[in-house]
Amino acid sequence: MLHIFIEQRLKQVIAELLPDANLETVLVRPCPDAKFGDYQSNALMALAKERKLNPRQLATQVIGKLDVKPWCDSVEIAGAGFLNFRISAVALARTIAEAAAGKHLFIQPAEKPRVAVVDFSSPNVAKPMHVGHIRSTILGDSLARALRLLGHRVITDNHIGDWGTQFGKLLLGWKQDLDRAALEKDPIGEMERMYKKINAACDADAALYETAKQELAKLQAGDPENLAIWRQMIALSQVQFDTIYQRLGVHFDQTLGESFYNGQLKDVVRQFVEAGLARPDEGAIRIFFDDVPELKEHPAVIQKADGAATYTTTDLATLAYRLETWQPDEIIYVTDGRQQLHFKEIFTSFKRWKPAAKVKLAHVWFGSILGDDGKPFKTRSGDTVKLADLLDEAEERAFKTVSDKNPGLSEAERKEIARIVGIGAVKYADLLPNRQSDYVFSWDKMLAFNGNTAPYLLYAYTRTRGIFRKVTAAEIASMAQLPDDFVLRAPEEIALAKHLLNFGLVVQAVADDCRPNYLCNYLYDLAGHFARFYENCPVLKEVEGTERTVRLALCDLAGRVLQQGLRVLGIETTEHM
RNA sequence: GCGCCCGUAGCUCAGAUGGAUAGAGCAGCGGAUUUCUAAUCCGUUGGUCGCAGGUUCAAGUCCUGCCGGGCGCGCCA
């Protein structure tokens with residue numbers, strides 16, 4: 001967190017020397033290699049270039065005015081004009097002592113808290129949640145957690161698929177083919193079976209398809225029977241969603257599905273037409289994007305020839321509602337990358353519709369989960385993998401391992417550890433890859449104890465906790481009273497302490513770029529630093545007095561940052577493994 | 001055909017405004033354990049960053065072309 005202060009000073013000096021400089025480009029970041037220092041800025045090279053100045057001369061001028069005494073002993077100019085900063089022993093000790101006293105956990109809350117709506121998960125009514133929902137759910141939840149930790153106000157909204165043409169078929173299937181007993185036993189399974197059957201039947205029989213369309217029209221017209229069935233389908237589905245979300249520890253502030261916006265769709269269409277932003281075309285009403293190369297060939301339909309709206313209309317209505325209701329600074333949509341074109345249409349249309357709106361719209365998209373054959377992840381029989389089954393298997397596999405490694409624990413304890421490790425492993429495997437790349441699903445990799453996995457991080461956490469089971473309460477209390485003039489001597493202590501300082505910086509980067517994988521990599525490095533510290537610096541043996549307390553504090557802080565970081569990823573921790 | 005994304009070690013992947021000698025895990029090889037729980041740690045082998053140009057003090061990262069792969073292009077959501 002000290003880089004923030006250095007950065008502020010650096011900005012002040014640059015503002016004095018180069019009043020027209022864009023200070024947003026002046027950043028202080030960790031050095032890629034500790035041999036250069038702890039933090040660096042390469043902003044001067046770019047600034048010098050713009051002004052045709054000699055970068056090293058500019059750097060010399062900047063250093064002449066730069067006072068970073070409270071945090072660094074010196075500043076060096078290196079290479080083509082890098083500024084390298086090395087944190088002083090005193091500043092490092094003071095920051096660690098403050099954290100040990102509970103004053104902060106290496107995070108500074110945002111100066112200007114924002115309001116962000118995060119739209120994620122969005123499962124469909126009457127269908128099982130499957131592996132395709134997992135990335136959106138886990139990514140969205142993690143982003144919401146990161147933003148909240150930084151002090152922003154977040155509204156999570158589950159825009160469930162509870163409206164649309166599929167309900168014509170579902171209603172018809174419900175009326176013609178529903179097995180009540182099966183529905184009682186496994187509502188989602190029965191609705192899925194029924195839908196598949198009626199869908200195939202409609203494909204084969206045009207007259208049947210017409211009947212389905214009539215059922216849809218009746219629903220849309222408010223037919224009481226169809227409405228009642230529709231509501232029942234939603235209620236049954238919501239039970240399933242809630243079960244999954246509870247297992248995943250995911251919470252939504254709002255569940256405003258597509259149907260919530262039905263009453264506003266006509267008005268949206270009217271507004272677009274009246275503003276000249278949409279026009280009739282082959283019986284439908286469309287928005288054209290002749291001035292946007294990517295969308296030129298893709299006019300968006302906001303009203304079909306049969307008078308019904310489309311999901312584009314719903315998404316626009318949703319946007320307007322969110323804007324009006326929460327005045328967000330930012331709306332984040334977490335969906336599959338295949339919807340990029342759709343969101344370009346939505347964002348472009350919205351800008352034309354509400355040109356004064358300042359809200360930042362972000363489509364945070366992600367790639368597919370693949371099987372080890374490189375094709376979309378499926379069961380052996382070729383079906384989509386149901387989320388509930390996936391989570392069951394994760395827990396079962398983790399249970400086998402815990403039972404194997406730690407047979408002395410009670411079954412209840414092993415089950416609980418398996419739950420945390422299993423669910424954590426699935427989540428971590430999903431958050432670790434760059435979200436935009438496809439990744440290959442592998443049980444063995446995600447549950448491995450070596451490498452960048454949830455079990456490895458969770459184990460590191462249990463090691464930090466293990467120490468505290470052997471320590472008196474008085475000693476624990478003494479961590480809060482560390483003198484702030486102690487000096488860390490062991491290289492492993494210093495490396496660990498310095499790494500802890502960067503926690504906030506990384507959470508900030510996660511929130512800015514919507515990339516939780518930065519945090520995964522940070523935590524993996526942290527666990528590595530802790531492991532080396534743990535191997536080389538005895539905490540409870542050989543050392544006494546302040547040195548012992550300092551090591552205890554480093555253990556505690558490493559554990560707390562691991563726990564907090566995992567919490568941002570939506571992963572629980574356990575004291576034993 | 002048009003558009004978006006990807007191509008980094010044998011395999012799976014990182015690589016934060018372009019920034020210093022491209023990293024990790026697995027696999028392979030070699031070490032460390034009467035432990036603060038070894039579900040650990042240390043060392044080591046391994047790369048023309050798909051190919052060819054270009055911009056720049058500096059390119060895995062930006063631009064152009066080509067090769068190879070994935071996805072999208074519905075009055076479905």
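The figures here come from the full heavy-atom set of this structure, side chains too, leaving out hydrogens, waters and symmetry mates. Just so it is clear: chains get the letters A, B, ... in the order the sequence lines come, proteins before strands, and each one is counted from 1.
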Next on the checklist: Between B:A77 and A:D315, counting only base atoms on the nucleotide and side-chain atoms on the residue, is there a donor-acceptor pair under 3.5 Å?
Outcome noted: no
Item to check | Sugar-phosphate only, base, or nothing, as touched by A:A305 at under 4.0 Å among non-hydrogen atoms | outcome: base
Checklist entry - Going by ring centres under 5.5 Å and near-parallel planes (under 30°), is A:Y518 stacked on B:A16? => result no
Checklist entry - Hey, does the side chain of A:N450 come within less than 4.0 Å of B:U40's phosphate (OP1/OP2), counting only N and O? => result yes
Next on the checklist: Heavy atoms only, 4.0 Å cut-off, all strands: where does A:T462 land among base, sugar-phosphate and nothing?
Outcome noted: base
Checklist entry - Can the ring centres of A:F260 and A:H159 be said to be less than 6.0 Å apart? => result no
Item to check | Approximate separation, where rounding is to 0.5 Å, of A:L170 CG and A:K127 NZ | outcome: 8.0 Å
Item to check | Whole angstrom value for the distance that separates C1' of B:G70 from CH2 of A:W365 | outcome: 11 Å
Next on the checklist: Does a side-chain N or O of A:R338 approach OP1 or OP2 of B:C4 to a distance below 4.0 Å, or not?
Outcome noted: no
Checklist entry - Checking only heavy atoms, does the side chain of A:Y311 share a donor-acceptor pair with the base of B:A77 at less than 3.5 Å? => result yes
Checklist entry - Between OH of A:Y428 and CG of A:N452, what distance do you get to the nearest 0.5 Å? => result 3.5 Å
Checklist entry - How about A:Y439 and A:D430: do any of their side-chain heavy atoms sit closer than 4.5 Å? => result yes
Checklist entry - Looking at A:K49, does any N or O in its side chain come under 4.0 Å of the phosphate oxygens OP1/OP2 on B:U56? => result no
Item to check | Given B:A16, B:A20, B:U17, the nucleotide with the shortest approach to the side chain of A:T25 | outcome: B:U17
Checklist entry - Nearest of B:G3, B:A39, B:C41 to any side-chain atom of A:R532? => result B:C41
Next on the checklist: Salt bridge or not between A:R419 and A:E416? Use side-chain N to carboxylate O under 4.0 Å.
Outcome noted: yes
Checklist outcome for this item: Heavy-atom nearest nucleotide on RNA chain B taken for A:V539 and for A:V26; more 5' hit belongs to A:V26
Checklist entry - At under 4.0 Å between heavy atoms, what does A:Q508 touch on the DNA or RNA strands: base, sugar-phosphate, or nothing? => result nothing
Checklist entry - A:E258 near the nucleic acid: base, sugar-phosphate alone, or nothing, with a heavy-atom cut-off under 4.0 Å? => result sugar-phosphate
Checklist entry - Considering only B:C41, B:G25, B:U37, which nucleotide approaches the side chain of A:Y459 most closely? => result B:U37
Item to check | Spacing of A:L295 atom CG relative to B:C2 atom P, expressed in whole Å | outcome: 17 Å
Checklist entry - Using a 3.5 Å cut-off on both pairing distances, which stems of three or more Watson-Crick or G-U pairs include RNA chain B? => result B:1-7 with B:67-73, B:10-13 with B:23-26, B:28-32 with B:40-44, B:50-54 with B:62-66
Item to check | Spacing of A:L370 atom CG relative to B:C5 atom C1', expressed in whole Å | outcome: 13 Å
Checklist entry - How many angstroms lie between atom CD of A:E215 and atom CD of A:E210, to the nearest 0.5 angstrom? => result 12.0 Å
Checklist outcome for this item: Of the listed B:A14, B:G72, B:C26, the closest approach to the A:L341 side chain comes from B:G72
Next on the checklist: Any side-chain N or O of A:Y456 below 4.0 angstrom from OP1/OP2 of B:C41?
Outcome noted: yes
Checklist entry - Any idea which of B:G19, B:C73, B:A39 is nearest the A:H298 side chain? => result B:C73
Item to check | Gap in Å between the two C1' atoms, one belonging to B:A20 and one to B:U44, rounded | outcome: 25 Å
Checklist entry - Touch check for A:D404, heavy atoms < 4.0 angstrom, all strands: base, sugar-phosphate only, or nothing? => result nothing
Next on the checklist: Check this one for me: any side-chain N or O of A:K470 less than 4.0 Å away from OP1 or OP2 of B:U37?
Outcome noted: yes
Checklist entry - Is A:F82 stacked on the base of B:A20, meaning ring centres closer than 5.5 Å and planes within 30 degrees of each other? => result yes
Checklist entry - Among all residues two or more places apart in sequence or in another chain, which pass the side-chain hydrogen bond (donor to acceptor under 3.5 Å, both in side chains) test with A:D444? => result none
Checklist entry - Atom CD of A:Q340 to atom C1' of B:G3: distance rounded to whole Å? => result 10 Å
Checklist entry - Ion pair present between A:E345 and A:R286, side-chain N to carboxylate O less than 4.0 angstrom? => result no
Item to check | Gap between atoms NE2 and C1', on A:H363 and B:C71 respectively (whole Å) | outcome: 13 Å
Next on the checklist: Under 4.0 Å, heavy atoms only, any strand: does A:Y534 hit a base, just the sugar-phosphate, or nothing?
Outcome noted: base
Checklist entry - Within the structure shown, what part of the strands sits under 4.0 Å from A:A460 by heavy-atom distance: base, sugar-phosphate, or nothing? => result nothing
Checklist entry - A:K304 side chain N/O closer than 4.0 Å to the phosphate oxygens (OP1, OP2) of B:C76? => result yes
Item to check | Euclidean distance, atom CD of residue A:E297 to atom P of B:C4 [Å, nearest integer] | outcome: 13 Å
Checklist entry - Which of these nucleotides, B:G72, B:C13, B:C73, is closest to any side-chain atom of A:P433? => result B:C13
Checklist entry - Can you tell me how far P of B:C75 sits from NE2 of A:H342, to the nearest Å? => result 14 Å
Item to check | C1' gap between B:C51 and B:G7, integer Å | outcome: 11 Å
Checklist entry - What is the nucleic acid contact for A:R515, judged by heavy atoms within less than 4.0 Å: base, sugar-phosphate only, or nothing? => result nothing
Item to check | Interatomic distance where CD belongs to A:Q57 and C1' belongs to B:C57 [whole Å] | outcome: 15 Å
Checklist entry - Any idea which of B:G19, B:U56, B:C13 is nearest the A:V440 side chain? => result B:C13
Item to check | Donor-acceptor contact present, side-chain A:H3 to main-chain A:D38, <3.5 Å | outcome: no
Next on the checklist: Using 30° and 60° as the class boundaries, would you call the ring planes of A:F347 and A:Y333 parallel, tilted or perpendicular?
Outcome noted: tilted
Checklist entry - Would you say A:N434 reaches B:C13's phosphate, i.e. side-chain N/O to OP1/OP2 under 4.0 Å? => result no
Next on the checklist: Over all strands shown, is A:Q40 touching base, sugar-phosphate only, or nothing at heavy-atom distances under 4.0 angstrom?
Outcome noted: base
Item to check | C1' atoms of B:U8 and B:G47, separation to the nearest Å | outcome: 8 Å
Next on the checklist: From C-beta outward on A:N42, which listed nucleotide comes closest to its side chain: B:C75, B:A77, B:G19?
Outcome noted: B:G19
Checklist entry - Would you call A:L552 and A:L540 a side-chain contact if the rule is heavy atoms closer than 4.5 Å? => result yes
Item to check | B:G15 phosphate, OP1 or OP2, under 4.0 Å from A:N517 side-chain N/O | outcome: yes
Checklist entry - Using the P atom in both, what is the distance from B:C73 to B:A39, to the nearest Å? => result 50 Å
Item to check | Phosphate OP1/OP2 of B:G19: any A:S41 side-chain N/O under 4.0 Å | outcome: no
Item to check | Toward the 5' end of RNA chain B, by each residue's nearest nucleotide, A:N124 or A:Y439 | outcome: A:Y439
Checklist entry - So what does A:R29 touch, heavy atoms closer than 4.0 Å: a base, only the sugar-phosphate, or nothing? => result nothing
Checklist entry - Using the ring of each side chain (for Trp, its six-membered ring), is A:F167 parallel, tilted or perpendicular to A:W230, with breaks at 30° and 60°? => result perpendicular
